[in-house]
Amino acid sequence: MEGWDPNTKSTLTQIPLLATKAGPRDGAAWTQRLKEEYKSLIAYTQMNKSNDNDWFRISAANPEGTRWTGKCWYVYNLLKYEFDLQFDIPVTYPSTAPELELPQLDGKTQKMYRGGKICLTVHFKPLWAKNCPRFGIAHALCLGLAPWLAAEVPILVDSGMVKHKDDATTSTES
């Protein structure tokens with residue numbers, strides 16, 4: 001955590017670490033891992049709400065907990081930009097981090113792969129590998145998606161690649 005800003009350090013230390021090293025093919029161990037994931041996500045969400053920093057909603061899209069969907073948002077110039085969020089848990093999880101997808105932004109930035117998968121290779125993947133299996137979905141959101149949104153959304157908005165929903169509505173009504 002050397003070189004991190006105090007806010008990020010504080011946030012990260014409050015997200016519970018996970019103990020079970022299990023993936024979707026590991027039966028009962030995966031069920032235990034999912035329980036830990038939910039506890040970690042709940043703690044992170046509650047912390048964000050108490051700090052008036054609520055910025056995402058996700059839930060498992062299937063009973064196995066291998067597909068997740070939701071919304072994330074970023075406030076820029078006092079306007080809220082909301083995006084669909086989705087990802088699959090890789091078979092090799094937790095050794096492999098999930099690839100977070102924002103399908104609406106597909107092709108709008110160079111820091112994204114086909115299908116709207118955000119680029120996390122340089123900064124986040126080594127950190128994930130070093131902290132496997134203690135990191136989980138909440139950590140991926142905190143250390144992967146949050147900084148990506150903070151870096152990319154202002155650029156996308158300023159360049160006109162992303163429009164606020166009110167602007168889009170106004171231009172179609174004209």
Side-chain angles (χ1 to χ4, degrees), residues 1-21 33-60 68-87 89-90 93-105 108-113 116-159 161-166:
M1 289 196 250
E2 197 174 300
W4 291 8
D5 70 280
N7 192 29
T8 303
K9 281 184 188 178
S10 172
T11 301
L12 188 60
T13 58
Q14 294 177 55
I15 300 173
L17 295 174
L18 291 78
T20 305
K21 184 173 184 175
R33 173 73 185 207
L34 272 177
K35 289 177 185 176
E36 294 175 17
E37 294 281 3
Y38 277 114
K39 286 179 185 174
S40 184
L41 280 165
I42 290 167
Y44 184 40
T45 302
Q46 288 174 339
M47 177 185 53
N48 283 339
K49 285 183 178 184
S50 69
N51 293 330
D52 197 26
N53 189 27
D54 191 28
W55 63 275
F56 71 89
R57 294 274 181 279
I58 63 167
S59 61
W68 292 74
T69 59
K71 298 272 186 194
C72 64
W73 53 90
Y74 187 80
V75 176
Y76 179 63
N77 289 337
L78 302 178
L79 296 173
K80 180 179 174 183
Y81 295 87
E82 189 171 274
F83 309 101
D84 292 331
L85 168 64
Q86 63 189 30
F87 58 92
I89 299 294
Y93 188 82
S95 298
T96 305
E99 293 182 321
L100 307 174
E101 301 172 36
L102 304 173
Q104 293 150 293
L105 298 181
K108 295 189 177 188
T109 172
Q110 294 178 352
K111 294 182 182 162
M112 182 170 274
Y113 301 112
K117 295 177 181 173
I118 67 171
C119 177
L120 296 173
T121 53
V122 176
H123 303 288
F124 180 70
K125 298 263 174 143
L127 186 61
W128 180 276
K130 181 180 174 184
N131 289 283
C132 173
R134 297 182 309 266
F135 276 9
I137 295 168
H139 299 88
L141 295 173
C142 175
L143 297 172
L145 183 58
W148 191 93
L149 288 170
E152 292 300 308
V153 171
I155 294 168
L156 291 169
V157 171
D158 290 344
S159 69
M161 295 296 285
V162 170
K163 302 262 188 239
H164 188 263
K165 63 183 175 187
D166 292 343

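Among all heavy-atom pairs drawn from L149 and W73, the shortest one is CD1-O, 4.3 Å. The two atoms that bring Y74 and A150 nearest to each other are CE1-CA, 3.5 Å, heavy atoms only. Nearest heavy-atom pair across P98 and A140 is CG-CB, 4.5 Å. Listed here is the closest heavy atom pair of T96 and P90: O-CG, 3.6 Å. A97 approaches F124 most closely through the heavy-atom pair CB-CE2, 4.0 Å. When all heavy atoms of P133 and R33 are compared, the closest pair comes out as O-NH1, 2.8 Å.
You'll find the side chain of H139 reaches within 4.5 Å of the side chain of L17, heavy atoms only. In this structure the side chain of L145 reaches within 4.5 angstrom of the side chain of L102, judged on heavy atoms. The closest side-chain heavy-atom distance from L85 to W68 is not below 4.5 Å. For the pair I137/I89, a side-chain contact is recorded, criterion being any heavy-atom separation below 4.5 Å from C-beta on.
Sequence neighbours left out, not one pair with a member in residues 133-147 passes salt bridge (Lys or Arg N to Asp or Glu O under 4.0 Å). Applying the salt bridge (Lys or Arg N to Asp or Glu O under 4.0 Å) test to every pair with at least one member in residues 140-150, sequence neighbours left out, gives no pairs at all.
A donor-acceptor contact shorter than 3.5 Å links the side chain of W128 to the backbone of P94. A donor-acceptor contact shorter than 3.5 Å links the side chain of H164 to the backbone of K80. Remark: side-chain polar atoms of S50 are paired, donor with acceptor, to backbone N or O of M47 under 3.5 angstrom. With hydrogens and angles ignored, the 3.5 Å screen pairs no side-chain donor or acceptor of R57 with any backbone N or O of G70. Checking side-chain atoms of S159 against main-chain N and O of L156 turns up a donor-acceptor pair under 3.5 Å. A distance-only check finds no donor-acceptor pair linking the side chain of S40 to the backbone of E36 [under 3.5 Å]. E37 contributes no side-chain N or O that, together with a main-chain N or O of G136, makes up a donor-acceptor pair within less than 3.5 Å.
Here the straight-line distance linking atom CG of L141 with atom CH2 of W148 works out to 13.5 Å at 0.5 Å rounding. To the nearest 0.5 Å, atom CD1 of residue I15 and atom CD1 of residue I42 are 13.5 Å apart. Taking OG from S59 and OH from Y38, the interatomic distance works out to 7.0 Å, rounded to the nearest 0.5 Å. Distance CG/N51 to CG/N7: 7.5 Å, rounded to 0.5 Å. Taking CG of L18 as the reference point, atom SG of C132 lies at 10.5 Å (rounded to 0.5 Å). Between the CG atom in D54 and the CG atom in N48 there is a gap of 6.5 Å [rounded to 0.5 Å].
For F83 and W55, the distance between ring centers is not under 6.0 angstrom.
In this structure, the salt bridge (Lys or Arg N to Asp or Glu O under 4.0 Å) partners of E99, at least two apart in sequence or on a different chain, are K117. Partners of K39 according to the salt bridge (Lys or Arg N to Asp or Glu O under 4.0 Å) rule, which considers only residues two or more places apart in sequence or in another chain, do not exist here. For E152, the side-chain hydrogen bond (donor to acceptor under 3.5 Å, both in side chains) test picks out T109, K111, with sequence neighbours left out. Partners of D84 under the salt bridge (Lys or Arg N to Asp or Glu O under 4.0 Å) rule, at least two apart in sequence or in another chain, are K71.
Using cut-offs of 30° and 60° on the angle between ring planes, the pair Y81 and Y76 is tilted.
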Q.
Could you walk me through whether Q14 and S10 satisfy the side chain to side chain donor-acceptor pair (under 3.5 Å) test, starting with their C-alpha distance in whole Å, then the side-chain angles of each, then the deciding distance to 0.1 Å, before giving a yes or no?
A. CA-CA 7 Å; Q14 294 177 55; S10 172; 3.1 Å; yes
Q. What do the steps show when you test L143 against L12 for side chain to side chain contact (heavy atoms under 4.5 Å, CB included), and what is the final call?
A. CA-CA 8 Å; L143 297 172; L12 188 60; 3.7 Å; yes
Q. So S95 and K21, side chain to side chain contact (heavy atoms under 4.5 Å, CB included) or not? Walk me through it.
A. CA-CA 8 Å; S95 298; K21 184 173 184 175; 3.9 Å; yes
